[in-house]
Amino acid sequence: MKVIHLSVECFPIAKVGGLADVVGALPKYQRKLGIDASVVMPYYNRPFVTENALLNIYEGSFSQGDEILAYTVWKEQYDTLGFPVYLIYIEGKLDRPEVYCYPDEAEQWIAFQHAFLDWIVNTDNKPDLINCHDHHVGLVPFLIKYAYSFQSLAGIKTVFTVHNGQYQGWLSWDKAHLLPSFDGYHGGLLDWDGVINPMATALKCCDRYTTVSEGYLEELFVEANGLQDLFKHERAKAIGIVNGIDVEFWDPAIDQLLPLNYTSTTVKKGKEQNKKIFCEKVGLPFDIPLLSYIGRFAFEKGADLLPELIREMYSLNENKIAIFILGSGDDIIQGEIANIIQLYPNQVSVFFGYNESLAHEVYAASDMLIMPSRVEPCGLNQLYALQYGTIPIVRNIGGLKDTVIDIDHDNGYGFVFEELDIKNISLTINRAISVFNIPKSLESIRGKAMKLDFSWDKSAKKYVALYNQLLK
Ligand code: GLC
């Protein structure tokens, strides 16, 4: 079975969020199950393309509006990521350093999808199934059915994976002329509320859609940034499959980015030493619990709550906790975080930016990780944390709800809160601190956390079962 994962992010080539981690791992685990899985993504002007050998495997061109766009498909020669990766290059559109935030994003992703289909329609080696990830590639299930040039691809099955239903890729109808020409009779499939909505199009036209946790799927039926009725209407096609983690990168026993490796039996000493080294590096005390936040500074992730939470925590617990923040994103949130740390320079430290290797050190060094998300389709950070014996403190929502059990329940190993209310969150953190101060409880909770298995092995099988169902 030949499966192509179509995505605009893939770790380590281009990562903004968890989408990249999933696309960079899932194909590898599917290949272990005998599936011929590969990734097709845009070419980015980033280190990966100069540090690896690329083979030119196809060249073509197509028109987009008034432009003729020439494209090249490059394949990374040695499958260094554990699966084949194809990069589509278009001068001036798919040759940029960043993934998002260009003013012509619509043109960029339409060009990517068009070039992909133009290439596929011209090769003999066609996939049996295309797994499209998020709205950027949401037009593909429509185009293979209704674009005149691609109708020979209509037999290819499509799975659409929703990593985040908040972003839908809206385009005004005056951009429709940029699409490959399609049968206008079916044009309504592109529409939702008077605009072209690629996420809605994908939901309507795909053979199956998946969400990155079961809990999130249920939530989308209720609230999906305007698409809840559509999610519900198409629910017969839906399945929630929780993400896994790539244990080749995320395992404290072999993680080369850590000063000291450890396992569940050496976790006490292992975390102590990693914490000591880390706290010295970032100027924090290491004899009190260390709580961290890692992630994008987005409203969705609740990052805007951090400054008030910090203020609240220190009004109650002057010297009982140290806090480390790693992330970047919204400038206003970043500014507020920058201000607050000046008030507590000895207890709070921050690194503004995206730094994968620092993230590994933070998971190993921290005692707890906070995730006050408003929306969390899956969340990978709580899974990384658990794997490193770091106790997650999370809101009871989406994928967090599916993967973290509060210690007040049988077999619990984390701390869960319901409301996004500062007092409530800080009470939950205090509950965690008190567990931390009892060495036996700490040992037991860490032991449980590290024994959980969130590796991709299990979830990759669910995707493969779904593909099999579609192709039988
Ligand atoms: C998005 C979601 C996150 C999920 C990730 C990978 O970034 O916000 O919750 O874990 O995609 O599916």
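FYI, side chains are in, hydrogens and waters are out, and symmetry mates aren't considered; it's all heavy atoms of this structure. One-based numbering, in listed order, for ligands and for the atoms of each.
At distances below 3.5 Å, not a single donor-acceptor pair connects side-chain atoms of E76 with backbone N or O atoms of V85.
Judged by the 6.0 Å distance and 45° axis criteria, R96 is positioned over the aromatic ring of Y102. Under the 6.0 Å distance and 45° angle rule, R374 counts as a cation-pi partner of F299.
Pairs engaging residues 359-397 under the ring-ring contact (aromatic ring centres under 6.0 Å, His included) rule: W250-H360, W250-Y363, W250-Y384, Y363-Y384 [sequence neighbours left out].
No more than 12 heavy atoms of other residues, nucleotides or ligands shown are found within 6.0 angstrom of CD on E214. Crowding of E356 atom CD: a count of heavy atoms from other residues, nucleotides or ligands under 6.0 Å exceeding 12.
For ligand 1, the protein residues within 4.0 angstrom (heavy atoms only) are G18, L19, V22, H163, N164, V212, N243, K301, E376, P377, C378, G379, L380.
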